[in-house]
Every structure is written in structure tokens, then in C-alpha cells.
Asks: 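Right, I'll just put the structure down here and ask away after.
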Amino acid sequence: MSDITDLGVASLRDGIRTGKFSAREVADAFIVKVSKGKALNAFIVETPEHALAAAKAADDAIARGEPLKPLSGVPLGMKDLFATKGVQTTAASHILEGFEPVYESTVSQKLWDAGAGMLGKLNMDQFAMGSSNETSYFGNVISPWRRGGGDNAPLAPGGSSGGSSAAISARLVPGATGTDTGGSIRQPAAFTGIAGIKPTYGRCSRYGVVAFASSLDQAGPMARDVRDCAILLENMAGFDPKDSTSLNLPVPRWEEALSGDLTGKRIGIPAEYLIDGIPTEIAKLWEAGIAWVKDAGAEVVEVSLPHTKYALPAYYIIAPAEASSNLARYDGVRYGLRELAEGQNLQEMYAATRAAGFGDEVKRRILIGTYVLSAGFYDAYFTQASKVRSLIARDFENVFSMCDLLLTPTAPSSAFALGEKSDDPLAMYLNDVFTVPSSLAGLPAMSVPAGLDAGGLPLGLQVIGRPLDEQGVLNAGLAIEQRAGFAARPEQWW
Amino acid sequence: MSVDTATVKKVASLARIAISDADAERLAPELNNILGWIEQLGEVDTSSVEPMTAVIPNTLRLREDVVTEGNQREAVLRNAPQGEHGFFTVPKVVE
Amino acid sequence: MTESTYRIQGETGEWEVVIGLEVHAQVTSNAKLFSGAATTFGAEPNSQVSLIDAAMPGMLPMPNRECIRQAVRTGMAIGAVINKWSRFDRKNYFYADLPQGYQISQLFHPLVGEGQIEISLDDKDPEAAVKTIGIERIHVEQDAGKLMHDQHPSRSYVDLNRAGVALMEIVSKPDIRSPQEAGAYLSKLRAILRYVGSCDGNMDQGSMRADVNVSVRKPGAEFGTRTETKNVNSVRFVMQTVEVEARRQVEVLESGGRIVQETRLFDPDRGETRSMRSKEDAHDYRYFPDPDLLPLELDDAFLEECRASLPELPDAKRRRYEQALGLSAYNAATLTADADTARWFEALLAESVRVQKKGENEVARAAANWLLSDLYGALNRLGKDLDASPVSPEQGAELLALAADGTLSGPLAKQVFEIMLETGEPAGRIVEERGLKQTSDTGAIEAVIAEVLAKNPGQLEQYRGGKEALFGFFVGQTMKAMGGKANPAVVNELLKKALAG
Ligand SMILES: [Mg+2]
Ligand SMILES: [Zn+2]
């Protein structure tokens, strides 16, 4: 038998169920991988005891002949944005260093209720703000991937769910949670050759997820393939009375209905996504994707999303505006860091605490958000952005009368080197150009690994669906996965 | 619209983030660059458009008027950087 | 409609005062506006705090149906537009009593739109001087926590028990023109809230507090610059605030100064308002729609339920008491000024109707008079409120019935009532056991009259000689001899006969 850690979620689940290996063996194997993967800096906290407890519960159930739960004994990584009871939760920030929630996020609770265990809390961009994982207070996550040709420059695993993407592609975990505000599941998935899906806004509860931009934040799974994503999403999604934006709908059996047959489906190719300066290999891969979905039975149509170019600027008003308010609670009073010099008053304490506790990118976004909401600017910025957001959503509505799904590249580049864009915030923001529009419209969207660039780095294709059509997105993702035959994995150097 | 260092300082003060003069100097062109780029939104004719209110059609649910939480002072105060006698404490506020 | 003639006499002539009130009223509910923590007054510090109220990372607000319902009912009670589509906004500022760093409130789309309240400026005759005060809006928002500054030399203590409690902010138009009108408006608003049951109106517990906006102008001129005096917590203080703040503004303006738009505090000990240290950015609240909450959409069934559950309101009740029950304008106004009084009176009335088997209009006047003079007099002496009355409406009705059917004369009824207050015993038993029954037994009365006449031959002679004013003397003597128990009508009749000889 090959190494247990080469197996994905479905194989582990089934293997435990059929007695191929014990849950304890699975947990031990991954715990060892995690402990040997420190060079990647993918974890902020390791929690082997949590994974072992879940494994024991699974093995005990088997011994007693009791039925297993959907994820019994499957160990996972948890992005550090999810509050985990009694386990430090920081959103990769200094201001929350040492914070141990007395509560559990709904999404993580659902996973534990389904029998999964936790290997640890995964590193990320601070407060989920970033596309490279360079904004974490706990240091950069290093992608397990390296460019070919002896270029050993450490690469970005993407962000903000970069700890998740790095850990999965390095086989430290079989799957992990991510969150996606403007692409934070899909872009890191594309950068590291794994799959990830952001479901429809409202599918997964935001309760207990440290908020970045409430109208955009959505949790989702990241894993090695489409089926694993379907399995994890089924166990993360669901109505939650504690989140007023949660959708009160049953969770479909996505795994059961998975099919790579796209007969009868119309897939739209949005002209506006063929942006200037897109690398030819990405354009080519997109062409290949079009051929694959046709091969799977779909009809391909050209469509137009005319307001696409305004999505990023609208996003960079709305997300920072919401963030500037969401992050006001980090003030050094009830939890987290407090900076208070002798003789300082309350307001000075706030300013000192927040100056010391937030990283540069977080501060930058808080300042932008504060500025665009401040007196005299609100209408010109925030109201205008909210109206443009309506237009972007309307664009999608219009094309979905002509097609069922959209196919685009996930990101305009493969993984860049750490440091390459960190001095130019705008260049960094532009990396989310393909993922942000569907975030603004709350649509389900996923990235599947589809090929490699000339440097041997993974590239992803993105499928975007109608609201609530995660099944359509997963099926198209599966069709691409089946035809792309993506089998590359990073060579172990860590 | 151009952001100068005085504006940066004013916004930082509004956001309660202490910044030095050097920070403000550094941030001003950076924020200008970003805001300048954002301002292309002004090109879009939105005169007949309503701002988005709900990302996905959904209505606000209301909870029942039932006490479900409380008597957990320990838990509420556990992570506080400073507290005593069941209170959070802050530098004395003069009103 | 009555025009106010309140003016401040300045050195340069008369000044008119323009007043608007923003009243924060705590919504009566078990749980807070967005969390499941309790709202009871006076609990241990931080014992009524949910993780949402403490703004723990990842916590989300979930609105309480009852708070929305009560605000809607309040809106309906002042004839206001109810907005079926409203939403919550965040008001951003940093303070230690505000855990989220923002207050969830409603700026752009409030739940309740324009309405009005009628105030009456003449206690004796409520309809004589009526003025309508416009209501701009009512919105729903979170209360803040509480800071304590006197517990430690260098620290303030933070108690979040109040943080997140639901408030209605009721914003009047600048229609108020005098301290008296301000007081009448606040009293009337309080009465309406208590009738509706949407706020207990306990101003001393902070359940109601007013921000008082005051400006002055020469009569007929444009509005002047206003100041806002925050959190004034009694009717009397609101009236004082208006008076002293208006006077201050006149003095500033007449000495060539300018009024600064600012927030001020009222100091009841010194009887003055003073500026709160103003912050240069204090007013940049960066309001925007709360992205954690969807728009609040109300359906017709909900509104119908709110409307159907509204009680009869003070003005309607007052008019009914006058017209259908035949009460005096003053009595009707006094009985309806407060929900508890009206409730007590109606219980007394209902029980009187039941035991006397008469119509409401036949028993109402006696009931009103007894309540307002006898019972109130007694409560005053005892220093008790109506809700602590030692006599219940049922016991009162029994006493009234005994008076109405002639068992008790007026003086006897007062005597029995005194005993009821002392012993708590029912009127019937007191009458029975102490033999306080009024007698109409003509034989017994005639016997006593004969005795009285025999004992007072001189007076009898004078009376028969034409000094008829002595009739009262004989009535008094007869009643006294009967221990107050004789039926006065029967006594009169029999005396006349006996005196006529
Ligand atoms: Mg106010
Ligand atoms: Zn208010």
C-alpha cells in the first residue's frame, strides 16, 4: 500500500470504513507529516490531540460495530479564521495572539460533528487580507512548489487561505477549510494545484468566523480533487439560525450526484476575461478547458459581462469599508493585545494597540475603508460601489439566461515569488481579477487544477455557477479534472 | 481627489491607528495610488441603479424573545487583558 | 391649535425658543435586540452579557422579533407611517462602552416614519389648549454599556449588561416652543409608551432619557443654531434644560457671541448646561448598512397582528370617559393620564357593573370620585402608589355597591373605608361585624326623633315659631343619636313630619 498521506478525503473515509487501515493509523501518518513540514510554515498551532481524539472515536465506533459518521476519522486542517473552542484563534494577527475562544464556529463544529479531527490551525493572510500569505503575523507560508530549472526562490502559496493550500498540496492534510472573500479559496488552490470551492453566499454559516467583509465572506473546502471538495462542503454547509445571512435550505447530496457528463449544459465564455497581458499559457489552458467541457457534452457560448473591469475597484471599496468597521472591535479591552504606555488615555490606548496589533496590509485596508466611508465621500465611493455591484450581479443574471455555467481562468498568473509583489499593493490586488466578480455577486465558484506553466507551476480553471448551483459547478469541475489528468505534485524539499 | 499626509493622519486618527509622520509620508502616495485607481468607478452610469442590499435574495429572520445566554461572566472576561471585580477595565475616562 | 406665547425677554427684545426632543426609550423585552442575553435591571455586572454583546470575533447579530413588534406598535400608536422595508446601519465610533466599535442603529431607512402626538397645555380642560407635535421618525438601535469612574483611582470599569439592549429613538420635529410644552410632550409620550407596553417609562432607571435640542430666534426669524443636551432623565430636568439653555443662548447672542453646534450636559445640582469636551472627529460616524443583517421586511400579517394588539390609547380613552361615562373633563384626564391608573379604574368599573348589575355610565361617576378623592387621599397619606394600594379594585367595588344600595351613608362609607385600609378586611364583613349598616327602620328612627324633640323643647319651640334654620340641628341630633347609621333621607322625611307636629 502507498503512503496513507497520499490519499484524499474520500479514500481515507472509505479505507477507515472498510478496515483497510485504522483511523489511528491515518491520524498518526498525518501528524508525522505535519511535524516534518515546519519549513512550509503552514500551521500556526498544531493540534495532534484533537485529531487523535477523533480517530479514537472512529476506531471505537468500529470496534463496537456502531455506524460511522460521514467523516469519521478524517483529519483536516482548519484555517485560523475559524474560532475553535479552547484553541488559539488569531486570524494570523498579533492583535489576537493568545486569544482562546470559548466558542466554536458553526462550520468547524459541523465538521467535528461529522467525525473529522483537527490537525491544527492553518496560517493565512492576516484577517484574510492578502493574496500571497505574506501578511501573516506568524510569517510567510512557503509554497511546496518550486519553479523548474533550479530556481529555488520561495513561492507564494496564494492567499488568503495559503496555509490551507500549501498543507494540502504538500500532503500534510488531506483537506482543509478555507474562506473566500474575493478569491481566497480559488486563487491559492490554483497556485498549488489543488481544488477549492466557494459556495453560494449564505450556504456556510459565518458564525464564529472572524469577519473580514461580511457581505462577501464565505467559507468553503479545499482538497486535492473535486469529489473531496463535494464531501467536505456537504459537511460544512447548512442553515444556521445564528447567522442572519445564512440560507434556510437543505444541503444537497453533492457527492452522490457528481457526474462529469455535461450533456445538455451550456457553458459561457466571458469575453471580458481575456484581459490584456494574460500569459499565453493561461489563454491556452483556457482553450483546452473549452475543448474538455465540449468533450464532456457541453455546448460552449460566447457571453459578455460588460462591467467586469469595475469589479476590482468596487471590491476595494466595499471590502475595506466593511473591514474598517468589522475590525473596530479589536481595541484591547475585552480580548487580545493591549498596548498602554504610562499616562495614556483610552483613545490613545486604542490607537497604540491597533498600531501594534495590525499588520501593514490590514492597516492599509482599514484606512481605505475609513476614508471611503467618511463624511463627504460616502456616496461617491460606497454608494457608487454598491450600485456597480448591482450591475455586476445583473451582468451575471443576464448571461445565466443564456448559459448554465461560466468557464474562466482562476488567476492571471501562476504562483509568484514571495516578495515579488509585496511592495506594490495594487499589483497584488489585480491578482484577484477573475475571482472577485463572482464574489461580489455571491455566486458559487470553484478552481480545479488543470495544467502547468512553462516553469512547471500549477494553473487552475474556474467554473462559476448560478446561485445555489454548486452541483453544476462541481460537475463541470469534475469533467475538467477527468480530462486535464492533473497528476503533478511538488517535489519534497522541506 | 488627492490624499495628503494631513488627510492620512486624520483618517488614521478616525480609525484609531497611531501613525508616525514617516508612516503618513509613506502611506499618502500609496493610498493615492489605490484611490486613484478606484476612482475609475466614477465612469459607470449608475443613475438608474439601486445599491445592492442582499447578495443572494433572502430576508431577515427574527429570533424569539427568549433569554438563551448569560451568567457566563467568567467566559466573557477570560481573554480580557485587564479586568477586576467582574469588570473589564480601561484607563480612567474623564467625562 | 394653540400658539405658544412663551418668550424670553432679552435686552434686545423677545426671543422665541425652538425645541426638538430625541427620546431614547428602552423597549420592553426579555432578551436584547440582537442577542439572547437578559435585560433585567440591576443584575450583577457583566452577568447579562452574551458573546455577541461582548463583540467576540465572529459573533453575529440576530434581531429580536419582540423588539421590532413593540417599535411597530409604538409607531402605530402615534399614527405614524410604518416602513415595511427598513434596514440597520452601523454608526462607527470608539468608546469603552461600545464593544463592537459601532452601534447598530437605523439612519437611512428607519422602521417608523412620520407621526404625531397631541399635547394638552391645560390640566383642567384638556381640550382647551391642544397642540400637535410632529414626530420625525422612530428607529430601533442598541444601547451602550456602562462605565464606572469612581471605583478605582486610575481605571474606569466597564459593565456590558446594558450593551445591546433595544432602544427606540423617538425623534420629534422642532415643533416645541416652551418648557411647558417640552414637559407636556415628554409626559404624553411616556403615557403612550406605557399604554402600548413598549417601554416601562422608568426614567430613574434610565428606561427613558431625552436629548434636548434647543435653539432661539427672534419671533418669526429663521431657525438658529442648536445645541443638543444629552441624556436628560426626568420631565422636570427637561423643562429646566430648555429654560436655562435658552437663556444661555440669548445671553451669548446678545453679547455678540455665536452659538456653537455642540453636545452639552445638564447639571441638575448647579442648574446649568455645560459643553462636553468636543472631539474634532466625534461627528464622523461613517454610517453604512450593516452587512451582517439583511433588510428587515415586514408582511401584512405581522402588521395586522401589531395593530390588533394595540390597546385603547389615552386620548381616545379620555374622550370615551367624558362622553360615554359622563365623567368631568378633569376626572377623565386624570384617570387616563397613566396606563396603570386607567387600568385600575377600569377594573373597579367592571367589578362595580358586575356586582351592582348596572350600566357603566350609572356607576362610573361614583367610582371615579371615590378613586380620585378617597383612595388617592388615603394613598397620599400612606405614601403609596396605586399599584401598592392596600385596597383592591374588587374591594373598592364592594364598598361602592354598599354605598349605592343605601346600606352605607356617605359618612358611613368613609368610616368603613378607613377600617378597610387598616385591617384589609372586605367592606361587607366590616359592616356586618360592626353593625355599621345604615338603617331605614322608620319605627326606630321615629322613636329616636321623639326622644330628641323631648330633650330639646326650647329649639322645638323656636322652630315651630318660624326659625326653620333649626332643621339642620334636629337632623344632626338625630343622626348622632343613631350613631350615624340612619338613612338621611328617611330621617329628613320623618323629622319634617314630627316637627310639623
Ligand atoms: Mg441624539
Ligand atoms: Zn440614538
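Naming convention: chains lettered A, B, ... in sequence-line order (proteins, then strands); numbering from 1 in each chain.
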Asks: Under a 4.5 Å cutoff for heavy-atom pairs, which residue among A/L81, A/N326, A/I318, A/L327 has the most contacts with chain C?
Replies: A/N326

Asks: Distance from A/T90 atom OG1 to A/K121 atom NZ, nearest 0.5 Å?
Replies: 7.0 Å

Asks: Under 4.5 Å from any heavy atom of chain C, what part of A/V210 do you find: side chain, backbone, both or neither?
Replies: both

Asks: In chain order, what residues pass the side chain to side chain contact (heavy atoms under 4.5 Å, CB included) check against C/R137, with sequence neighbours excluded?
Replies: C/P110, C/H139, C/V171

Asks: Find out whether C/Q261 and C/R226 are in side-chain contact, i.e. whether some heavy atom of one side chain is under 4.5 Å from a heavy atom of the other.
Replies: yes

Asks: Would you mind checking which part of A/Y330 comes under 4.5 Å of any heavy atom in chain C, side chain (CB onward), backbone (N, CA, C, O), both or neither?
Replies: side chain

Asks: Output the option from A/S215, A/S374, A/G376, A/A211 having the highest count of non-hydrogen pairs under 4.5 Å with chain C.
Replies: A/S374

Asks: Among A/V333, A/L96, A/D243, which residue has the highest count of heavy-atom pairs closer than 4.5 Å to chain C?
Replies: A/D243

Asks: Can you tell me which portion of A/Y378 sits under 4.5 Å from chain C's heavy atoms? Options are side chain, backbone, both or neither.
Replies: side chain

Asks: Is the shortest side-chain heavy-atom distance between C/H149 and C/R155 below 4.5 Å?
Replies: no

Asks: Is chain A contacted by the side chain of C/F34, its backbone, both, or neither, given a heavy-atom distance below 4.5 Å?
Replies: neither

Asks: So, using side chain to side chain contact (heavy atoms under 4.5 Å, CB included) as the criterion, who are the partners of C/V49 when residues are at least two apart?
Replies: B/V76, C/N46, C/D53, C/A54, C/L160, C/N161

Asks: Apply the test salt bridge (Lys or Arg N to Asp or Glu O under 4.0 Å) to residues C/R307 and C/E305: give CA-CA distance (whole Å), side-chain angles for both, the deciding distance (0.1 Å), then the verdict.
Replies: CA-CA 5 Å; C/R307 198 175 297 281; C/E305 188 277 319; over 6 Å; no

Asks: Considering only heavy atoms, which portion of A/L216 lies under 4.5 Å from any heavy atom of chain C: side chain, backbone, both, or neither?
Replies: neither

Asks: Check this for me: does any side-chain nitrogen of one of C/K173 and C/E114 sit under 4.0 Å from a carboxylate oxygen of the other?
Replies: yes

Asks: Should C/K146 and C/D159 count as an ion pair when the cut-off is N to O under 4.0 Å?
Replies: no

Asks: Does any heavy atom of chain C fall under 4.5 Å from the side chain of A/T383, the backbone, both, or neither of them?
Replies: neither

Asks: Does any backbone or side-chain atom of A/P241 lie under 4.5 Å from a heavy atom of chain C? Answer side chain, backbone, both or neither.
Replies: backbone

Asks: I'd like to check the side chain to side chain contact (heavy atoms under 4.5 Å, CB included) partners of A/A356; sequence neighbours left out, ordered by chain and number.
Replies: A/L337, A/E339

Asks: Within residues 290-302 of chain C, which residues come under 4.5 Å of chain A, heavy atom to heavy atom?
Replies: C/P291, C/D292, C/L293, C/L294

Asks: For the pair C/E262 and C/R264, find out whether any cationic side-chain nitrogen is under 4.0 Å from an anionic carboxylate oxygen.
Replies: yes

Asks: Both conditions, 6.0 Å and 45 degrees, for the charged tip of A/K363 above the ring of A/F358: are they met here?
Replies: no

Asks: For residues C/V112 and C/A80, report the shortest heavy-atom separation together with the two atoms involved.
Replies: CG1-CB, 3.4 Å

Asks: Can you tell which of C/F288, C/Y287, C/Y102 has the highest number of heavy-atom pairs within less than 4.5 Å of chain A?
Replies: C/F288

Asks: Is any side-chain heavy atom of C/M76 closer than 4.5 Å to one of C/V72?
Replies: yes

Asks: Side chain, backbone, both or neither: which part of A/D217 has an atom under 4.5 Å from a heavy atom of chain C?
Replies: neither

Asks: Does any heavy atom of chain C fall under 4.5 Å from the side chain of A/A213, the backbone, both, or neither of them?
Replies: neither

Asks: Taking every heavy-atom pair that is under 4.5 Å apart, which of C/P289, C/P63, C/G58, C/P57 has the most such pairs with chain A?
Replies: C/P57

Asks: Please state whether the side chain, the backbone, both or neither of A/V102 comes within less than 4.5 Å of a heavy atom of chain C.
Replies: side chain

Asks: By a 4.5 Å heavy-atom criterion (distance strictly below it), what part of C/M59 contacts chain A: side chain, backbone, both, or neither?
Replies: both

Asks: Between A/V372, A/D331, A/T370, who has the most heavy-atom pairs with chain C when the cutoff is under 4.5 Å?
Replies: A/T370

Asks: Side chains of C/M168 and C/S198, heavy atoms from C-beta outward: is any pair under 4.5 Å?
Replies: yes

Asks: Among C/A96, C/P61, C/P99, which has the most heavy-atom pairs under 4.5 Å with chain A?
Replies: C/P99

Asks: Please classify the contact of A/S105 with chain C as side chain, backbone, both or neither, using a heavy-atom distance under 4.5 Å.
Replies: neither

Asks: Are C/M148 and C/S156 side-chain neighbours, meaning at least one heavy-atom pair lies under 4.5 Å?
Replies: no

